[in-house]
> 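Got a structure for you, written out below as structure tokens; questions coming shortly.
Just so you know, ligand 1 is whichever comes first in the structure, and atom 1 is the first atom listed for that ligand. On a predicted model such as this, the values are computed, not experimentally measured, just so you know.
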Amino acid sequence: MSVMSYSEKKIRCAVLGAAGYSGAELCALLVANPHFSLEHAFASAGRIAEPLSNLYPRFTNAIDIVVEPWRDERISTLNVDVAFLALPHEASEAITPLLLAAGIVVVDLSGAFRLKQPQLYPKYYGYQHQHPELLADAVYCLMEWLEQTPGNLISVPGCYPTACSLALLPLVKAELIAEHCIPVINATSGVSGAGRKATLNTSFCEVGLNAYGFFGHRHRPEIEQNLGRKVVFTPHLGNFKRGILATSVVTLKPNVSAEHVKQVFTEAYQHKPLVRLLNHSPNIANVVGTPYCDLYWQQDEEQLIVVSAIDNLLKGAAAQAMQAANIRFGKPETAGLFSGVVV
Ligand SMILES: NC(=O)c1ccc[n+]([C@@H]2O[C@H](COP(=O)([O-])OP(=O)(O)OC[C@H]3O[C@@H](n4cnc5c(N)ncnc54)[C@H](OP(=O)(O)O)[C@@H]3O)[C@@H](O)[C@H]2O)c1
């Protein structure tokens with residue numbers, strides 16, 4: 001019997017949390033990716049098995065996977081190379097070590113393994129991390145700024161941190177931001193950012209436009225970890241389904257020219273197919289349903305405003321997970337990202 005390498009066979013995968021918004025998007029991307037084969041889809045243990053297209057009728061005749069209830073005992077029966085976890089943070093944290101022990105690569109979309117300092121979890125996530133030893137192993141895959149080859153535990157960045165970090169990292173890396181500056185980031189997300197479960201705060205009649213999470217949102221330490229500096233980050237909830245628009249304001253060092261800023265953004269992203277540098281202000285209408293991050297900036301002497309727009313469920317979740325898995329298994333980075341059955 002010959003042993004087939006990853007380059008010769010499809011990568012077999014499971015999606016946990018497939019009934020949720022990001023998990024369902026992942027199922028669509030995986031089905032569209034010629035290098036991957038979606039073998040299993042799971043939701044919580046309390047569900048009965050039913051087709052994903054019952055839960056998301058837009059997948060009717062397009063995706064025929066059945067969503068099954070998850071139980072940890074299923075791990076020994078999986079026969080997959082990779083599991084994508086689109087689960088609440090604590091569920092991901094508990095299931096990940098079991099999957100790793102079974103030799104299954106984990107691509108985690110939750111925040112369970114994003115922060116390197118375990119002591120931040122009680123304050124920002126509300127629980128004590130049970131597997132701090134895995135935080136060092138997890139490779140944080142902000143794909144355009146990947147510094148390490150992904151291993152067996154991939155941590156997919158949060159949606160807001162993706163939008164703001166893509167906006168500010170070119171300036172940080174080029175050391176253009178004034179030392180005394182604390183970047184101010186205001187970002188608005190559509191309601192799908194809160195997941196599919198019904199809550200009063202995210203119900204149709206309640207959502208208008210409001211700020212929340214002042215100083216204490218869990219994405220703040222993640223953004224600070226990415227940028228290596230403090231930020232003031234204020235998220236907002238808007239009355240639209242999906243998309244994030246982030247406006248990041250910084251003070252530059254003295255005498256940084258407009259040409260220099262342009263050069264820094266161009267050099268950062270000229271070979272990054274999913275970041276588009278625009279000559280007009282981004283609109284979430286142009287990124288929803290796509291894996292892109294749109295960027296634009298305006299400068300007035302030392303003040304610089306960078307605007308970024310992403311689909312929170314794609315570049316902010318499922319598409320970035322797909323990018324990471326493509327790279328992890330030696331496939332083209334954008335495979336499957338432009339042909340999914342996405343809204
Ligand atoms: N929404 C976004 O924009 C976004 C962006 C980036 C990252 N994320 C992160 O991605 C993860 C999923 O987010 P989401 O918005 O897609 O959530 P969601 O819509 O609420 O879906 C969560 C899924 O997890 C399943 N689940 C819950 N507890 C479970 C358990 N103990 N065992 C197995 N399955 C369980 C749920 O099953 P049932 O349906 O049966 O309850 C559901 O399928 C979260 O960690 C979130 O922070 C979300």
> Parallel, tilted or perpendicular, judged at 30° and 60°: which one describes the rings of Y212 and Y160?
tilted

> Looking at ligand 1, would L16 count as a contact under a 4.0 Å heavy-atom criterion?
no

> Of the backbone atoms (N, CA, C, O) and the side-chain heavy atoms from C-beta on, which set of R47 has a member under 4.0 Å from an atom of ligand 1: side chain, backbone, both, or neither?
side chain

> Under 4.0 angstrom from atom 46 (C) of ligand 1, is there any protein heavy atom?
no

> Is S110 touching ligand 1 with its side chain, its backbone, both, or neither, if touching means heavy atoms under 4.0 Å apart?
both

> Which of the listed options, S22, G20, A86, holds the heavy atom that is closest to atom 14 (P) of ligand 1?
S22

> Measure S92 to ligand 1 on non-hydrogen atoms and call it side chain, backbone, both or neither using the 4.0 Å cut-off.
neither

> My understanding is that a hydrophobic cluster links ILVMFWY residues whose side chain heavy atoms are under 4.5 Å apart, including indirect links. Using that, what else belongs to the cluster containing L16?
F42, W70, I75, L78, V80, L85, L87, I95, L98, L99, L100, I104, V106, F113, L115, L120, Y121, Y124, Y125, Y127, L134, L135, L153

> Would you indicate which of R196, K197, Q320 comes nearest to atom 18 (P) of ligand 1 when only heavy atoms are counted?
R196

> Which residue and atom name correspond to the protein heavy atom nearest atom 44 (C) of ligand 1, and how close is it?
L87 O, 3.2 Å

> For R12, is there an ion pair with E39 - N to carboxylate O distance below 4.0 angstrom?
yes

> Please enumerate all residues that pass side chain to side chain contact (heavy atoms under 4.5 Å, CB included) together with I305, with sequence neighbours excluded.
T247, V249, V307

> State, without any angle test, whether N286 and R276 hold a side-chain donor-acceptor pair at a distance under 3.5 Å.
no

> Regarding S110 and D108, is there a side-chain donor-to-acceptor distance under 3.5 Å anywhere?
yes

> Regarding atom 2 (C) of ligand 1: of the candidates D72, L85, T199, L313, which has the closest heavy atom?
L313

> Taking non-hydrogen atoms only, is R71 closer than 4.0 angstrom to ligand 1 via side chain, backbone, both or neither?
neither

> Pick, from T162, L109, V156, I244, the option with the minimum heavy-atom distance to atom 10 (O) of ligand 1.
L109

